[in-house]
Amino acid sequence: MSLWTDLRDFFFPRLCVACGNRLLSGEEGVCLRCASSLPYTHLYNKVGNEMEQCFWGRFPIERASSLFYYAKGGTVARILYAMKYDGQRKLCVKMGEWIGSELLPTGFFDGIDCLLPVPLFRTRERKREYNQSELLARGIAEKTGLPVCRNAIYRLRNNATQTHKSGYARWLNVQELFCATADAASLAGKHILLVDDVLTTGATLVACADALSAIGDIRISIVTLAWTK
């Protein structure tokens with residue numbers, strides 16, 4: 001198996017998605033050098049942190065956290081691009097495992113009943129062949145043992161990308177974007193964790209929470225890989 005891996009890496013070298021250098025044995029997606037320089041938020045499980053405050057007055061959030069800060073053109077931006085547009089499925093799962101490993105010791109997942117990834121519109125997911133948020137959730141599940149709930153909400157339309165939109169334009173772009181399914185009723189009384197790749201204004205995640213608002217006694221928390229502070 002090691003010989004096959006060596007031959008594969010010789011003929012088809014694996015490259016770091018952040019810097020483009022060849023990955024060494026044991027490195028996955030991101031080289032150790034780039035990984036060591038990633039901008040951690042250090043939010044972990046701090047009550048009332050700045051990310052939680054983004055949602056105050058918008059819906060009753062239980063807790064929120066993100067692993068890294070996002071900056072245009074930075075290492076995290078290149079990781080996110082690879083996750084969404086370069087078919088890097090293993091990288092998506094790896095990043096989810098990273099979230100799980102970092103936050104599990106802090107108690108962030110205590111009391112969470114299930115992970116709910118933000119859905120893509122069906123045609124976009126069919127074209128991409130995966131949903132990066134769902135793969136993030138699978139990675140988190142690997143470290144936490146929490147189930148992934150895929151069928152509680154769905155996206156009603158293929159809305160325009162949020163990139164380059166102002167905060168108000170983002171809010172308009174996601175109005176009534178998601179709808180709860182019949183399966184969502186099973187979440188009554190549960191504490192769910194919405195999972196997404198990046199938080200900017202929070203408009204998409206608020207739209208998800210709105211779609212779940214009619215479910216009785218539901219509690220909602222949020223986790224993302226990156227946050228544009």
Would you call Glu50-Lys229 a salt bridge at under 4.0 Å N-O?
yes
Between Leu67 and Thr41, is there a side-chain heavy-atom distance shorter than 4.5 Å?
no
For residues Thr204 and Phe178, report the shortest heavy-atom separation together with the two atoms involved.
O-CE1, 3.6 Å
Side-chain heavy atoms under 4.5 angstrom apart, residues restricted to Ile, Leu, Val, Met, Phe, Trp, Tyr: same cluster for Leu115 and Phe108?
yes
Drop me the distance from Arg128's CZ to Asp86's CG, to the nearest 0.5 angstrom.
10.5 Å
Is there side-chain contact between Leu91 and Ile79, with at least one heavy-atom pair below 4.5 Å?
yes
Just wondering, more than 12 heavy atoms not from Arg122 lying within 6.0 Å of its CZ?
no
Does the side chain of Val148 reach to within under 4.5 Å of the side chain of Cys114, using non-hydrogen atoms?
no
In this structure, which one of Cys208, Pro117, Ser133 forms a side chain to side chain contact (heavy atoms under 4.5 Å, CB included) with Leu194?
Cys208
Are Ile61 and Leu212 connected in the hydrophobic side-chain network, where two residues link if heavy atoms are under 4.5 Å apart?
yes
Going through the distances and angles, do Cys16 and Leu23 end up as a side chain to side chain contact (heavy atoms under 4.5 Å, CB included)?
CA-CA 6 Å; Cys16 173; Leu23 292 171; 3.8 Å; yes
Give me the atom names and distance for the closest heavy-atom approach of Val76 to Ala226.
CG1-CB, 3.7 Å
Would you say Leu146 and Ile192 are hydrophobically clustered, going by side-chain heavy atoms of ILVMFWY under 4.5 Å?
no
If you look only at pairs with a residue in residues 26-47, which of them pass as a salt bridge (Lys or Arg N to Asp or Glu O under 4.0 Å), with sequence neighbours excluded?
none
More than 12 non-hydrogen atoms from neighbouring residues, nucleotides or ligands closer than 6.0 Å to CZ on Arg150, yes or no?
no
Using the rule that Ile, Leu, Val, Met, Phe, Trp and Tyr join whenever any side-chain heavy atoms are under 4.5 Å apart, tell me whether Val195 and Leu120 fall into a single cluster.
no
Determine whether Thr201 and Val206 make a side-chain contact, defined as any pair of heavy atoms from C-beta on separated by less than 4.5 Å.
no
Assess the residue pair Tyr40 and Phe68 against the criterion (ring pair (Phe, Tyr, Trp, His ring centres under 6.0 Å)); give the C-alpha distance rounded to whole Å, side-chain angles, the decisive distance to 0.1 Å, and a yes or no.
CA-CA 4 Å; Tyr40 282 87; Phe68 305 121; 5.0 Å; yes
Student check: side-chain heavy atoms of Glu62 and His191 closer than 4.5 Å
yes
Can a side-chain donor-acceptor contact be found between Asn131 and Glu125 if the only test is distance below 3.5 angstrom?
no
Considering all heavy atoms of both residues, which atom of Tyr130 and which atom of Ala82 are nearest to each other, and what is their separation?
OH-O, 4.3 Å
Side chains of Val47 and Arg63: does their closest heavy-atom pair fall under 4.5 Å?
no
In Leu225, Val17, Val198, Leu135, the residue satisfying side chain to side chain contact (heavy atoms under 4.5 Å, CB included) with Met83 is Leu225
Tell me every residue that passes side chain to side chain contact (heavy atoms under 4.5 Å, CB included) with Thr224, counting only those two or more places apart in sequence or in another chain.
Met51, Ser66, Asp196, Leu199, Leu205, Ile222
Would you give the length of the straight line joining atom CG of Leu177 to atom CD1 of Ile153, rounded to the nearest 0.5 angstrom?
9.0 Å
Trp227/Thr200 under side chain to side chain contact (heavy atoms under 4.5 Å, CB included): CA gap, chis, key distance, verdict:
CA-CA 6 Å; Trp227 173 33; Thr200 48; over 6 Å; no
Not counting sequence neighbours, list each pair that qualifies as a salt bridge (Lys or Arg N to Asp or Glu O under 4.0 Å) and has a residue in residues 135-144.
Glu134-Arg138
Between atom CD1 of Ile220 and atom CG of Leu187, what is the distance when rounded to the nearest 0.5 Å?
9.5 Å
Hphob cluster co-occupancy, Val223 + Tyr69, side-chain heavy atoms under 4.5 angstrom
no
Does the side chain of Arg89 reach to within under 4.5 Å of the side chain of Gln132, using non-hydrogen atoms?
no
Phe59 vs Ser213 side-chain heavy atoms within contact, under 4.5 Å
no
Which heavy-atom pair separates Asn49 from Ala64 by the least distance, and what is that distance?
ND2-O, 2.9 Å
Shortest non-hydrogen contact from Ala152 toward Leu116
CB-CD1, 3.9 Å
